[in-house]
Undergrad: 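Pasting in a structure now, in structure tokens, and then I'll have a few things to ask.
None of the values given here were measured: they were computed from a predicted structure. Letters A, B, ... mirror the listed sequences (proteins, then strands); counts begin at 1.
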Amino acid sequence: MSRQNLLDFFNNPKPKEKKSTESPSTEKESTSAEKKSPPKRKKVVYPVFPKDLPPSYLVSVTYEGKKALASLKLYEPTSQKIYFWDDTTGHKPYCLTNLPPKELKKLSRLTSHSGFDHFEIVEKYDPLLDKQVKVTKVVAKDPLAIGGRQYGCIRDIIPEDYQTITGSEEPVKVWESYIRYYQSYIYDNNLAPGMLYKIQKGKLVPVKHESSEETVGKILELFPGEEKEFMHSIEMWARLLEYPAPQFRRVALDIEVSSPIPTRVPDPQEAAYPVICVTLFGSDGKKETLILKRKGITKGSKELPSDVKVEYFDSEKKLLQKLFDAIRDYPFVLTFNGDDFDLRYLYNRATKHFSFKRSQIPIEVRRRVCSLKYGIHIDLYKFFFNRSIQIYAFGKKYRDVTLNAIGTALLELSKIELNKPFSELTYTELALYNLRDAEITLDLTTFNDNLVMKLILALSRIARMPMEDVSRQGVSRWIRNFLYHEHRQRNMLIPNSEDILAIKGGTTTQAIIKGKKYKGAIVVEPVPGVHFNVAVMDFASLYPSIIKVYNLGYQSLLCSHDECKVNKVPETPHWICRKKKALESLLIGSLRDLRVKWYKLKSKDKTLPNELQGWYNVIQSALKVILNASYGVFGAPTFGLYCPPVAEATAAIGRHVITQTIEKARALNIEVLYGDTDSIFLKNPSPEQIKILEKWSEKTLGMELDVEKFYRYAVFSSRKKNYLGIMSDGSVDVKGMTGKKRHIPIYIKKAFDQMEERLGKVQSPAEFEEAKKAIQKIVRDRYLRLKQRRWGDNPNELAFHVVLGKPLAAYKKTTPQHVKAARKLKEIGYDMKTGDLISFVKVLKEPHVKPVQIASNREIDVDKYVGYLQSTFDQVLDALGLDFDEIIGLTKLGRFM
DNA sequence: GCGGACTGCTTACCT
DNA sequence: ACAGGTAAGCAGTCCGCG
């Protein structure tokens, strides 16, 4: 499954849009701002949707407790303002139960519950029983009554009281009680966050975008002969994805707080120390820094850029007031870790240390999230932390989830390095530092034509989630939510996870890895050596294809029909339904086909206007992220539609498919050099042989097998997931090799890179001998330099870099080397937490490791590094028939001396 | 008490 | 809070050994 990423498209980033300088640069620094205009205490009123407003994007749905209804935020792209619209449909929170009203009326705790409203009998399709059922809709006055955290909510009362009161053994079921109210509102009204709406006669109605509709029509023509149901899904997705994206008016916010201990981050709960500097960096050109005056601090000699507006404050309260007013002005506010720090700190600082009332602060603090009353808060830390985003959208370009690492990797813009503690900075130094952080934060969303904003928008549409949620939650939530949405659209009961598990059961195969639930993919034993003319064929999104073609989903696996029981999944006792299409199969299948047949092609179509091609690339990446996870979620207990047999069946069919393909290739007399999950590496196949394989796959497996790439030659050792592939242009694919892993010292990596470059130059088998000699020289040189201890003035290049996977105290079973180093760092005052990258070197003395910060050249254990050099190169040398010891001048005999 | 064989833990990677 | 499979290094344990 190939790993081309979102950034590939933008190899030629356009020059940045010129930012309009809204504030004239003449006003540089005014120290007297607060004397001029003391902030007035006026009531903050937010705009309500006017009657004739142009089409606006639905960006948020929340429950408004005071009014007891759903409240929507819409972003009007011309005025670039947020407007509020309150529900007029009378929609109310509810849950479903199998008890009829007659029985429910016996439950006095329910009927007398202050939040209880009424009962309705509704008919639904139960996908686990495959039949229509009558259930009771228990309607409530507010969402907390259904499933609030406090004692005695409706979803708990129903089963508890029914059994105690009636003594009945009948299983009492409650459905859909754990769905957030605003999601329920979105599902029931078939809303799509991120899409265009208008208000017509007091109702929210979707806006048609004509040229997008035309494209949707064209897309549908790409799928002749598909069933009606499938076409409807394609149409729905295409509409969600074709509609244009707006310009997002936004501001990045970053604050600095004084702290008595420089290495400790102040606690946002206490918010005990003053906010000393704040920067607002806007997409509209705003660059404003607010500084708190403190004793003994001077401006210093450095200069700020002339377009930055600086304001000094005598009082922190006034600074906060000014900041709050600015926040209120923007429809979108960006932070890096604002949920856990900046916004939380500001809120607590304002309420606990100054006399701000809650109504005077534009921030709402919840358990894990900080949101805004007016705008939309996007915490980019949470977004970039998302593993799927990291890997599939950004191709692992950034490895550390810090502002500095992401900024450096994606923007080539780094944080300003400080060489003295915070408290000793001049005002200007502090402002520059703060300004840079805010700049990076904004630029993370502007680069490549606002890629990140568009990506969040696209995901929001697919997942049917507000942008605020989709940017914070993981891919399993995205998938769950659009599947839930489709359940509601079809009047299907959304099953409880435990019921799926109880009916469909667990897994039956034995995993190779201890502790795993079921058997996964096949990895073919590679044929060691150097092979010229290697074709890599793979199945385009194998697992989503399987889910589509084989009709996989919790409904279809182990269905209740006797006649389906013969439709077995290979190597398992599971069977698959032949009578009814599973929702997952339909929706994941249509998404896959849409990506492969439209968005992937369009994202590479140079004839399209640049901007449109970019949008298509965003879409195909968003789809990739979702599709890549679409099989895994079935095996994840946290997924709402968790169904182990579905995951197990997908993997089993995958093994079957690849095994058959390998057999077919061999039957065609093609040597199969290697294969992993969905790919096969073929030695020197003829174009005819390839064509036969492709046709065969289409016909017998119903799946698309294509040549994904062609290597001039490939180098395999006997290790799986470990090879080099040299493309015809000389570029080199390096997979799984230690020489490419992030933790190894640059000193060793450099030698590996040299070797890689040399291998890229080899055109033919005849040229190989010379390359081998060159590689031997590279290895020998690096070995000798190590032995001569020539690596520089400090051991930085010898440092290993390993991520701390959990808090220091959680390492109980063993103490790995990086943990030893981290504990040492902690002793000398560093703040060590999960996710930190620990850099350490290997030294002679116990405990043989030392943080690089405090290590010196003379204590380095050179032989350890020689050992590392050897194991790194062995992976390649094996295949080339070379021997490390011989290269460095040890004869085979010499090794025993 | 010591060393080799073994298992388990941890991280980084592949698909 | 997507999944399982593989490689590598090190920590810790067990067992034999006069």
Undergrad: Take atom CD1 of A/I658 and atom P of B/dT15, then tell me their distance rounded to the nearest Å.
TA: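 Answer to the nearest Å: 12 Å.
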
Undergrad: Classify the nucleic acid contact of A/T638 as base, sugar-phosphate or nothing, counting any heavy atom under 4.0 Å across all strands shown.
TA: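 Base contact.
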
Undergrad: Just to be sure I understand the rule, does A/K720 reach a base, reach only the sugar-phosphate, or reach nothing, if contact means heavy atoms closer than 4.0 Å?
TA: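 Touches sugar-phosphate only.
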
Undergrad: Within the pair A/K806 and B/dT10, is there a side-chain N or O less than 4.0 Å away from OP1 or OP2?
TA: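 Yes, such a contact exists.
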
Undergrad: Reckon A/A647 touches a base, only the sugar-phosphate, or nothing at all at heavy-atom distances under 4.0 Å?
TA: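 Contact class for A/A647: none.
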
Undergrad: For B/dT15, does OP1 or OP2 lie under 4.0 Å from any side-chain N or O of A/K735?
TA: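 Affirmative; the distance criterion is met.
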
Undergrad: Under 4.0 angstrom, heavy atoms only, what part of the nucleic acid is A/T815 near: base, sugar-phosphate, or nothing?
TA: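 Here A/T815 touches the backbone only, sparing every base.
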
Undergrad: Between A/Y830 and A/D836, is there a side-chain donor-acceptor contact under 3.5 Å, judged purely by atom types and distance?
TA: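 No, A/Y830 and A/D836 have no side-chain donor paired with an acceptor closer than 3.5 Å.
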
Undergrad: Tell me what A/G520 touches on the nucleic acid: a base, only sugar-phosphate, or nothing, going by heavy atoms under 4.0 Å.
TA: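 Touches sugar-phosphate only.
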
Undergrad: Taking only N and O in the side chain of A/K842, is any of them less than 4.0 Å away from OP1 or OP2 of C/dC10?
TA: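 A/K842 to C/dC10 OP1/OP2: side-chain N or O found under 4.0 Å.
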
Undergrad: Identify whether any heavy atom of A/K812 sits under 4.0 Å from a base atom; if not, whether one sits that close to sugar-phosphate; answer base, sugar-phosphate or nothing.
TA: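 Touches nothing.
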
Undergrad: Answer with base, sugar-phosphate or nothing: what part of the nucleic acid does A/R399 contact at a heavy-atom distance below 4.0 Å?
TA: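 Result for A/R399 = sugar-phosphate.
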
Undergrad: Go through C/dA8, B/dC14, C/dA3 for me and flag the one nearest to the A/K396 side chain.
TA: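 Nucleotide nearest to A/K396's side chain: B/dC14.
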
Undergrad: Within the structure shown, what part of the strands sits under 4.0 Å from A/S630 by heavy-atom distance: base, sugar-phosphate, or nothing?
TA: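 Contact class for A/S630: none.
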
Undergrad: Which is true for A/V803 with a 4.0 Å heavy-atom rule: it touches a base, it touches only sugar-phosphate, or it touches nothing?
TA: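 A/V803: backbone/sugar contact only, no base atoms under 4.0 Å.
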
Undergrad: Which nucleotide in the set C/dC2, B/dC9, B/dT15 lies at the smallest distance from any side-chain heavy atom of A/T814?
TA: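 So the nucleotide nearest the side chain must be B/dC9.
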
Undergrad: Is there a donor-acceptor contact under 3.5 Å linking the side chains of A/E704 and A/S545?
TA: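 No, no side-chain donor-acceptor contact under 3.5 Å.
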
Undergrad: Whole Å only: how far is the CD1 atom of A/I512 from the C1' atom of C/dG4?
TA: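 Answer to the nearest Å: 9 Å.
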
Undergrad: For A/F634, which contact category applies under a 4.0 Å heavy-atom criterion: base, sugar-phosphate, or nothing?
TA: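 Contact class for A/F634: none.
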
Undergrad: Could you state the CG-C1' distance from A/L804 to B/dA12, rounded to the nearest angstrom?
TA: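 Rounding to the nearest Å, CG of A/L804 and C1' of B/dA12 are 15 Å apart.
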
Undergrad: Any side-chain donor paired with an acceptor under 3.5 Å for A/E648 and A/T572?
TA: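 Absent: no donor and acceptor within the cut-off.
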
Undergrad: Report which part of the nucleic acid A/E648 touches: base, sugar-phosphate, or nothing (heavy-atom distance under 4.0 Å, all strands).
TA: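 Since no nucleic acid heavy atom lies under 4.0 Å of A/E648, the category is nothing.
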
Undergrad: So which nucleotide from B/dC9, C/dA3, B/dA12 ends up closest to the side chain of A/V802?
TA: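 Nearest listed nucleotide: B/dA12.
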
Undergrad: Counting the atoms with a prime plus P, OP1 and OP2 as sugar-phosphate, which does A/Y723 contact under 4.0 Å by heavy atoms, base, sugar-phosphate, or nothing?
TA: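 Sugar-phosphate, no base atom in range.
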
Undergrad: What's the closest nucleotide to the side chain of A/S388 if the choices are C/dA8, C/dA3, C/dC2?
TA: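 Output: C/dC2.
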
Undergrad: Which of these, A/E525, A/H531, A/K721, sits in a side chain to side chain contact (heavy atoms under 4.5 Å, CB included) with A/Y674?
TA: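 One option only clears the test, and that one is A/K721.
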
Undergrad: Rounded to the nearest Å, what distance is computed from the CD atom of residue A/E584 to the C1' atom of nucleotide C/dC2?
TA: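 The answer, rounded to whole Å, is 14 Å.
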
Undergrad: Write down the distance between CZ (A/R742) and P (B/dC14), rounded to a whole number of angstrom.
TA: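 Checked: the CZ to P distance equals 12 Å.
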
Undergrad: Between A/K842 and A/Y865, is NZ or CZ placed under 6.0 angstrom from the six-membered ring centre and within 45° of the ring axis?
TA: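 Negative - A/K842 is either too far from the ring of A/Y865 or too far off its axis.
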
Undergrad: Measure from the side chain of A/I513, starting at C-beta and using heavy atoms only, and say which of B/dT10, C/dT6, C/dA7 lies closest.
TA: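 Nearest listed nucleotide: C/dT6.
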
Undergrad: By nearest heavy atom, map A/K740 and A/P816 onto DNA chain B; which one lands nearer the 5' end?
TA: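 Closer to the 5' end of DNA chain B: A/P816.
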
Undergrad: In whole angstroms, how far is the C1' atom of C/dG5 from the NZ atom of A/K514?
TA: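 Atom-to-atom, A/K514 to C/dG5, this comes out as 16 Å.
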
Undergrad: Could you tell me whether A/Y642 contacts a base, only the sugar-phosphate backbone, or nothing, with contacts defined as non-hydrogen atoms closer than 4.0 Å?
TA: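 No contact.
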
Undergrad: Verify whether one side chain among A/Y381 and A/D340 offers a donor that lies under 3.5 Å from an acceptor in the other.
TA: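 The answer is no; no qualifying pair exists.
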
Undergrad: Would you give the length of the straight line joining atom CD of A/E663 to atom CD1 of A/I658, rounded to the nearest 0.5 angstrom?
TA: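 A/E663 CD to A/I658 CD1: 11.5 Å, rounded to 0.5 Å.
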
Undergrad: Does B/dT10 have OP1 or OP2 sitting under 4.0 Å from an N or O in the side chain of A/Q817?
TA: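 The answer is no; no side-chain N or O of A/Q817 sits under 4.0 Å from OP1 or OP2.
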
Undergrad: Provide, to the nearest angstrom, the distance between the CD atom belonging to A/E525 and the P atom belonging to C/dG5.
TA: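 That distance rounds to 15 Å.
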
Undergrad: What's the closest nucleotide to the A/Y631 side chain, out of C/dT6, C/dC10, C/dA3?
TA: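 For A/Y631, the side-chain atoms sit closest to C/dA3.
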
Undergrad: Could you check how far CD1 of A/I588 sits from P of C/dA3, rounded to whole Å?
TA: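 These atoms are roughly 15 Å apart.
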
Undergrad: Looking only at the side chain of A/V523 (C-beta and beyond, no hydrogens), which of the listed nucleotides C/dA11, B/dA12, C/dT6 gets closest?
TA: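 The answer is C/dT6.
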
Undergrad: Would you please classify the geometry between the A/F800 ring and the A/H743 ring as parallel, tilted or perpendicular, with 30° and 60° separating the classes?
TA: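 Plane angle under 30°, so parallel.
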
Undergrad: Counting heavy atoms from C-beta on, name the nucleotide in B/dT15, C/dA3, C/dC10 closest to the side chain of A/Y518.
TA: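 So the nucleotide nearest the side chain must be C/dA3.
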
Undergrad: Report yes if at least one side-chain N or O of A/S871 is closer than 4.0 Å to OP1 or OP2 of C/dG9; otherwise report no.
TA: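 Checking A/S871 against C/dG9: at least one side-chain N or O falls below 4.0 Å of OP1 or OP2.
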
Undergrad: Counting just side-chain N and O atoms, does A/R655 come under 4.0 Å of either OP1 or OP2 of C/dG4?
TA: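 Checking A/R655 against C/dG4: no side-chain N or O falls below 4.0 Å of OP1 or OP2.
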
Undergrad: B/dT11 phosphate, OP1 or OP2: any side-chain N/O from A/H818 under 4.0 angstrom?
TA: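 It does, given that an N or O in the side chain of A/H818 lies less than 4.0 Å from OP1 or OP2 of B/dT11.
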
